[in-house]
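This report refers to the structure that appears directly beneath it.
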There are 2 protein chains.
Amino acid sequence: MSQVSQARRRAAQCSTCAMRHLCMPEGLSAFETEKLEDVISATRPVRRGEALFRTGDTFESLYAIRSGSIKTVVSREDGREQVTGLHLGGDALGLDGIGEGRHMSTAIALEDSSVCIVPYARFERMCRETGSIQRRLHQMMSREIVRETRQLTTLGTLRADERVARLLLDLSARFTRRGYASAEFTLRMTRDDIGSYLGITLETVSRTLSRFQARGLIDTRGKFIRINDFDALRAI
Amino acid sequence: MSQVSQARRRAAQCSTCAMRHLCMPEGLSAFETEKLEDVISATRPVRRGEALFRTGDTFESLYAIRSGSIKTVVSREDGREQVTGLHLGGDALGLDGIGEGRHMSTAIALEDSSVCIVPYARFERMCRETGSIQRRLHQMMSREIVRETRQLTTLGTLRADERVARLLLDLSARFTRRGYASAEFTLRMTRDDIGSYLGITLETVSRTLSRFQARGLIDTRGKFIRINDFDALRAI
DNA sequence: CGGCTTCTTGATCAAGCTCAAGCTTAGTGG
DNA sequence: CCACTAAGCTTGAGCTTGATCAAGAAGCCG
């Protein structure tokens, strides 16, 4: 079997990955779809706790999460660390490396995960050939910018309980979009990661969740969460 | 004079704009440069306090700041507002609109400013034709993502005085890159805007600046700032 | 089962917010 | 060009939110 058709077969498995999503909607020809699948050269497993890439690594590929979930973190010289992103199945990863040719963050799997590898040089060339794929890439990057802007407003204006509520609603919406139950999910991050992502301490996360539970807004047992009252969470 | 050559002449005036920066380095042919200048169709003045675009506006163009400075803000339903970006001469604006075809933030001039208008449809087409311009656009978007990630770490991990110090150093670096004095500049934002950008109150901004001055790190008189001790600011 | 990490909860404390008042600067109209 | 007014800035006092420190409970994995 040729290398190319092997790659194509692997890509075809990639049913939930962002690159697939990237090309599915609004009219790609069969020819275009085929080209896109050629460029998704391989998949790669990432174990829980393992890094997909690290700050400073040479940027070569974008990644799309096939399964699992991955956090991105930025560390400061003094050792303080901040979780800057939380990526689920279908999300793209690595866009921060395009600008300087090196990754500007570290991506760590929150559970055993699998990603599609999209060699950037070939992908960029393909964008030039196929307008609809180019448009997808630009949308993807723009949406990442908007997502971060939204996170900026979370960290800039919200109180602790508002931050936690927004995270829960956010995750719920994202799981829903992926076809999972909207009211029940398992947080893969630790309280520490959640706190870092929200700019609060792990104790405050824990206390806030307890308070939400006491008020009947959610049920929580460790990492498992059930949302009972969406409206009340939105109203916080 | 033909419309095209008029546009070209206007673009040629655009000596400091991002699109020019976008195309200057590493080898564009004269032909490519000419094409780029064709696509920069016009410039537009924006008065202090006036909006270049607003949340919800249909996205049609990117903008590059020719002169002046512009803040981007996001408003929440309850009226709370957050400054999410601070853009100086040469910076691009409007990337957040690509994803959904509508602007996701409001851009307001901090002083009388002027921007280059880059109609996006034509620009995207040109990216497809010219790889070096495409690469520039991708770099620009990626760097915006990295910039926001950095701002996330500011809001997520730093104390108030660290935030103010980082802003001052950041502005200094950006002015330096633009060929201005690195130690002296005039803040165009009000204390309120600065506070919103940094996720603190205007009173805390004012107090922090006063404390820096008392310690001899800076001189400040209203919006004018002189940095006396870069190392001390970095060490905060 | 034992040793680890993670989570919860309590008590205390301080950074930064709020409210308030006076001052300075900049913009406007006579 | 000056006077007036509104916007912006500074500083103080007191209070609140969430951080810190601490200790024990609960999961989780080898």
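Numbered from 1 within each chain, the chains take letters A, B, ... in sequence-line order.
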How would you list all residue pairs meeting ring-ring contact (aromatic ring centres under 6.0 Å, His included) that involve [range], not counting sequence neighbours?
range: residues 139-159 of chain B; result: none
range: residues 143-192 of chain A; result: A:F175-A:F185
range: residues 194-224 of chain B; result: none
range: residues 64-100 of chain A; result: none

Practice problem: Would you mind classifying the nucleic acid contact of A:T201 as base, sugar-phosphate or nothing, using non-hydrogen atoms under 4.0 angstrom? | Solution: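 Touches a base.
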Quiz prompt | End-to-end axis angle, where each axis spans five pairs of the helix from C:dC1-D:dG30 to C:dG30-D:dC1, to 10° | solution =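 About 60° separates the two local helix axes.
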Quiz item: In B/S/- notation, 5' to 3', how is nucleotides 10-17 of chain D contacted by protein heavy atoms closer than 4.0 Å?
Solution: BBBB----
Practice problem: Could you note down all residue pairs passing salt bridge (Lys or Arg N to Asp or Glu O under 4.0 Å) where residues 227-236 of chain A supplies at least one of them, sequence neighbours left out? | Solution: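 Sorted pair list: A:D231-A:R234.
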Exercise. Quick one: which residue pairs count as a salt bridge (Lys or Arg N to Asp or Glu O under 4.0 Å) with a foot in residues 186-197 of chain A, not counting sequence neighbours?
Key: A:K71-A:D193, A:E111-A:R188
Exercise. Please list, chain by chain and in numerical order, all residues satisfying ring-ring contact (aromatic ring centres under 6.0 Å, His included) with A:F59, sequence neighbours excluded.
Key: A:H103, A:Y120
Self-check item: All salt bridge (Lys or Arg N to Asp or Glu O under 4.0 Å) counterparts of A:R159, not counting sequence neighbours
Solution: A:D161, A:E162
Quiz item: Mind checking what makes salt bridge (Lys or Arg N to Asp or Glu O under 4.0 Å) contact with A:R54, not counting sequence neighbours?
Solution: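 A:R54: no salt bridge (Lys or Arg N to Asp or Glu O under 4.0 Å) contacts found.
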Exercise. Calculate the interatomic distance between A:K223 atom NZ and D:dA26 atom P; express it in whole Å.
Key: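 Result: 17 Å.
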Quiz prompt | chain B contact limits on DNA chain C, taken 5' to 3' with a cut-off of 4.0 angstrom to heavy atoms | solution =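 First and last nucleotides in contact are C:dG16 to C:dT25.
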Practice problem: Classify the side-chain pair B:S182/B:S172 by whether it contains a donor and acceptor separated by less than 3.5 Å. | Solution: no
